[in-house]
Participant: 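Structure incoming, see below.
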Amino acid sequence: MLGLWLTAAVACAGWPASAAGQGTEFGETLVWFDRSSSLLTNGVSAVALAPADGKTIYAGGRGYILRSTDNGLTWRLSLLLSAAEFMTEIDDVFLFDEDDDVSFEDSEIYNRFTEMRDALLEDLTDEYGEEYARTLILEMGSELRDEAIGEFTSDAESAAFERDYVARVQRFSAMGFSAEDAEAAAADPREVWDLVVSPTLPAHVYAATGQGLYRSTDRGRSWQRLFFAASHREQGVLSVALTPDGQRLLIGTVAGLAISSDAGATWTFALGEVSSEPIRQVIASADGKRFYALGLRRLHRSHDGGMTWSRINLGALSADAIRQLALPTEDEDYLIAVTDRGLYTTIDGGESWEGMPTAGLDRTGLLQVLFPTESPDDLMVVAERDVYLKGANDERWRTVSNGLIGQTLVEATRGAPGEFWLATSIGLFQGLSGAEAQISTENLRALERIWALEPTPDRVIRQALAFNGLDDIPVDQWNTRAYLARFMPRAWVRFSWRQLRNEHQNSALVGDKGGTIPKAAQRWAEVRGRDTGDFDWEVFALWNLGNFLYSPVEASIESVGQQMYRARKRLIARTVRLLIRRRALQFRIVSTKRLSLANQIAFQVNLEEMTALIDGLTGGYFTYAYEAKARSASAVSPTTDAALADAPVAPNLFDDVLLRQ
Amino acid sequence: MGRHKPFMIASVLLLSFVFAATASAQSAEEVLARFDDEPTVLEVQRVVMFYAGLDPDRIEGWYTRANVAAILPERVTYQFRYRDQDYSNIRTRDDINPANKDVSLGFQETIDDRNTKAMQHDARVQWDFSEIIFNPDVLRAAREAGRMAKQRDDALTTATKIYYERRRAQIDMVLNPPANTADRLRQELRIQELTANLDALTGGWFSGALRQVGKSPY
């Protein structure tokens with residue numbers, strides 16, 4: 001992944017300016033430039049341009065809507081979407097109090113935990129037998145629980161970052177949510193799903209969000225919420241459409257399709273199946289009478305301005321496979337559907353569908369089709385990784401992704417002739433053609449020089465592992481040594497030294513008064529003394545023969561090994577992510593023009609912050625290696641520092657770096 | 001306490017070729033130069049790491065000591081016993097011959113007096129030779145290494161984010177000077193709050209470092 005990205009990055013950096021993008025049938029090149037500057041450090045999920053303005057752009061991401069009145073040069077916060085008021089109900093859906101074990105048992109995470117435990121038990125049983133496997137599982141109980149919580153939270157987070165509503169619902173369903181909960185959670189109260197500027201009143205902007213429909217009547221300076229449901233679960237608005245005269249509003253909500261004929265003052269849910277499922281997209285025909293509503297499971301059509309709806313039989317096509325519908329012309333029966341298997345078209349209002357030519361098009365991850373010119377035969381397709389163009393006379397699709405590196409694409413919209421705006425996972429890009437599309441060759445070469453001075457990603461990763469003590473996980477070595485250790489006994493030596501001193505022993509016989517035996521003969525006395533000393537020692541050795549059949553230390557080795565592998569995997573993933581983000585930011589800097597002073601500084605601080613985060617993971621290595629290489633590049637001969645930066649992986653360079661300050 | 005030079009090299013080099021307007025680039029440098037005398041992010045990270053007891057060198061020490069520890073006996077016991085015994089026995093005998101009172105052994109007393117002192121030294125030294133080959137404590141050290149790596153990452157990431165949040169607030173104050181006292185106080189309070197957060201992570205070192213260069217942290 002990293003290798004691919006770097007290859008792409010270096011390839012981009014090495015473009016000759018004149019070759020940046022191939023000539024298209026439109027006679028121009030197309031290159032994407034980052035226009036989000038520092039204000040949009042997060043992803044953009046929806047973008048809208050004020051018609052006949054050319055300067056005002058709205059960009060919505062998770063939790064915010066931003067507005068630029070100078071064609072993307074500077075941005076200001078327009079609407080902040082706080083999810084606080086929704087969190088209680090959301091908490092009920094998939095969060096729980098970690099300190100409350102009862103709640104844990106009742107949570108979706110518990111299911112994840114039991115699945116994880118059972119799967120691991122099965123694997124370990126195959127390898128070690130059931131009894132030993134159960135011992136291992138018991139020992140790993142709390143770690144598995146933590147891991148289940150971590151994985152669940154991570155899955156929920158990553159599911160919430162899927163742009164596609166269907167993909168989110170599927171992810172939440174796979175996590176164990178009921179259909180209703182999955183559809184509600186997928187709407188996400190912080191998400192901006194759609195942005196539409198009124199075709200008749202350019203100052204009016206509508207935002208379909210996970211917490212209802214918002215409208216601004218003063219070009220995004222202030223907002224009011226027009227639609228909100230009684231239940232938070234039905235609050236999410238996924239799409240919005242206006243009739244060409246701007247009089248009628250149709251919104252696709254989590255609970256179905258709602259219509260307002262009085263500029264959003266009152267709402268009525270459409271009758272029938274169209275209000276039995278989440279509606280992801282609503283499109284209106286040019287005459288404002290025919291509408292299409294793309295639901296989670298069905299496609300619906302109305303011939304009477306939204307009053308009555310009927311279901312379209314999609315035949316072999318499945319509604320949940322359709323990512324987007326487009327009406328290329330005023331002919332309301334001519335539709336194009338973007339699906340996960342390719343592009344399909346119908347000329348009879350959806351009764352029959354035919355696949356469109358896909359030569360040159362990578363059909364995976366297709367998201368959107370739009371029309372780059374006034375001709376409905378010129379097509380642009382946005383996929384997750386690339387943008388494609390195809391002119392009316394072209395046989396093949398051409399990639400026009402120059403300038404897009406590492407991000408996931410979301411949706412594009414057309415601006416002035418030859419200009420496009422593209423929402424991506426890392427910000428907003430402007431597609432330009434012609435002279436405007438030239439990235440300065442000097443900039444690109446300078447970037448190449450800087451990258452050459454920076455430590456290579458593999459070295460940074462190795463250093464991160466070494467710094468965190470995860471470079472070597474000697475499970476095999478531990479196992480071997482633990483096996484050999486069984487042959488070694490527990491042994492003890494006992495020493496004993498005893499000393500006895502019988503210092504004196506007196507015995508005496510004393511006669512008292514006169515008898516027939518002379519007195520002298522009646523007395524005797526004896527004095528004796530005796531000393532002894534003993535020293536002895538013993539050696540004992542004890543083997544636990546049971547260890548030859550089973551040793552508890554094996555379970556511990558297995559458990560610790562798995563923990564360390566997981567920690568190592570997390571660390572590598574985090575390091576790679578930071579490295580990619582840092583290089584993407586550098587590329588954004590060289591491809592961004594006309595930055596204000598505030599944004600120059602913001603970019604620089606962002607770059608420093610990202611470098612510092614990498615330094616935190618590597619003990620200051622990134623900075624150390626860069627500095628050493630930069631010094632050696634300016635010196636006549638390579639220095640010892642440069643050799644150190646290249647050769648060994650030094651464990652902790654914080655002090656070395658600081659000493660040089 | 002100079003700013004972080006490598007960042008400067010990278011950033012300035014990048015920005016200098018990106019932004020054609022030299023005057024503007026110089027202004028950016030001037031703005032950032034105002035904070036040159038403050039502690040660098042690497043210094044903050046280092047202090048945070050040591051203050052939180054998350055220095056990775058500790059782990060290496062654990063491994064080494066766990067491997068060597070088994071060479072020493074796992075148990076040494078020593079016992080000393082001392083006994084001082086005094087023994088005294090007095091026997092009294094009075095022999096009387098009722099038939100011949102002239103012959104008598106008379107009163108007889110036997111005294112037996114003994115004193116004994118005994119000392120005993122017992123020592124026991126025990127090794128678990130299996131731990132010379134493999135000491136299970138190494139596993140505990142390894143487990144702790146994984147836990148510490150995560151804690152260190154969390155601590156350093158938090159410190160880094162706060163450090164740059166504070167820097168952004170400082171820059172904002174320079175670029176958008178507050179229009180009135182209330183705004184100024186709000187901005188200053190925000191910076192003080194972030195300074196306090198850094199102090200909490202560094203045991204007060206951060207504000208101490210600011211005082212050393214003549215800046216008032218609060």
Side-chain angles (χ1 to χ4, degrees), chain A residues 442-443 446 450 467-469 481-482 484-485 488-513 515-516 553 556 560 563-564 567 589-590 597-598 600-601 604-605 607-609 611-613 616 620 623 626-627 630 652 654 657-658 661, chain B residues 2 6-7 9-11 13-15 17-19 24 27-28 31 40-43 45-46 56-57 59 103-130 133-134 136 139 142-143 145-146 149 156-157 160 164 167-168 171 175:
Chain A
E442 188 190 342
N443 286 359
I450 287 174
F467 179 63
N468 288 284
R481 289 170 63 180
L484 294 174
M488 302 300 286
R490 180 182 295 263
W492 61 91
V493 183
R494 193 173 64 78
F495 305 94
S496 182
W497 180 61
R498 277 167 298 184
Q499 187 184 37
L500 180 69
R501 290 193 65 187
N502 192 355
E503 285 188 336
H504 63 267
Q505 180 172 342
N506 299 329
S507 298
L509 175 66
V510 179
D512 184 14
K513 47 190 179 183
T516 55
V553 80
S556 301
V560 170
Q563 273 180 53
M564 290 184 77
I589 294 174
V590 298
L597 171 66
Q600 287 178 40
I601 295 171
Q604 174 149 342
V605 173
L607 193 62
E608 284 187 18
E609 182 178 7
T611 311
L613 288 172
T623 296
Y626 180 89
E627 211 179 19
N652 182 354
F654 270 127
V657 175
L658 293 170
Q661 302 283 311
Chain B
F7 298 160
I9 294 168
S11 309
L13 194 51
L14 261 176
L15 292 169
F17 66 73
V18 171
F19 308 118
S24 180
S27 299
V31 172
T40 65
V41 69
L42 278 187
E43 286 172 323
Q45 286 180 340
R46 183 176 179 277
D57 293 343
I59 301 281
V103 178
S104 167
L105 286 174
F107 175 79
Q108 216 173 36
E109 189 174 73
T110 306
I111 299 170
D112 195 358
D113 193 12
R114 275 183 293 175
N115 175 250
T116 307
K117 287 180 180 168
M119 281 189 294
Q120 184 169 344
H121 304 266
D122 283 314
R124 176 174 155 154
V125 186
Q126 182 173 312
W127 286 267
D128 189 345
F129 290 118
S130 68
I133 306 292
F134 179 73
L139 297 177
R143 199 190 296 260
L156 295 187
T157 300
T160 305
Y164 281 103
R167 180 57 42 86
R168 288 189 186 94
I171 291 168
L175 295 180

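Letters go in sequence order (proteins before strands), and every chain restarts at 1.
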Participant: If every non-hydrogen atom of A:Gly620 is compared with every non-hydrogen atom of B:Leu42, which pair is closest and at what distance?
Facilitator: CA-CD2, 4.4 Å

Participant: Which heavy-atom pair separates B:Ser130 from A:Ala485 by the least distance, and what is that distance?
Facilitator: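 Closest heavy-atom pair between B:Ser130 and A:Ala485: CB-O, 3.0 Å.
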
Participant: Could you report the tightest heavy-atom contact between A:Ile601 and B:Ala28, atom names first, then the distance?
Facilitator: CG1-CB, 3.8 Å

Participant: Please lay out, stage by stage, how A:Thr611 and B:Val41 fare under the test side-chain contact (heavy atoms from CB on, under 4.5 Å).
Facilitator: CA-CA 10 Å; A:Thr611 311; B:Val41 69; over 6 Å; no

Participant: Look up atom NE2 in B:His121 and atom CD in A:Gln499, then write down how far apart they are to the nearest 0.5 Å.
Facilitator: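 Spacing of NE2 (B:His121) from CD (A:Gln499) equals 6.5 Å.
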
Participant: Just by distance, do the side chain of A:Arg490 and the backbone of B:Asp128 share a donor-acceptor pair under 3.5 Å?
Facilitator: no

Participant: For chain A, which of B:Ala145, B:Ala123, B:Ala142, B:Pro136 has the most heavy-atom pairs under 4.5 Å?
Facilitator: B:Ala123

Participant: May I ask you to name which of B:Trp127, B:Phe129, B:Phe134 has the most heavy-atom pairs under 4.5 Å with chain A?
Facilitator: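 So the answer, after comparing B:Trp127, B:Phe129, B:Phe134, is B:Phe134.
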
Participant: Looking at A:Val560 and B:Leu139, what are the two nearest heavy atoms and their distance?
Facilitator: CG2-O, 3.8 Å

Participant: Indicate the atoms forming the closest heavy-atom contact of A:Leu500 with B:Ala118, along with that distance.
Facilitator: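 Here A:Leu500 and B:Ala118 meet closest at CD1-CB, 3.5 Å.
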
Participant: Picking from A:Ala482, A:Ala491, A:Ala567, which has the most non-hydrogen pairs under 4.5 angstrom with chain B?
Facilitator: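 Top count of heavy-atom pairs under 4.5 Å with chain B: A:Ala491.
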
Participant: Minimum heavy-atom separation for B:Gln120 and A:Ser496, please, with both atom names.
Facilitator: NE2-OG, 3.8 Å

Participant: To the nearest 0.5 Å, what is the distance between CZ (B:Arg167) and CD (A:Glu608)?
Facilitator: 7.5 Å

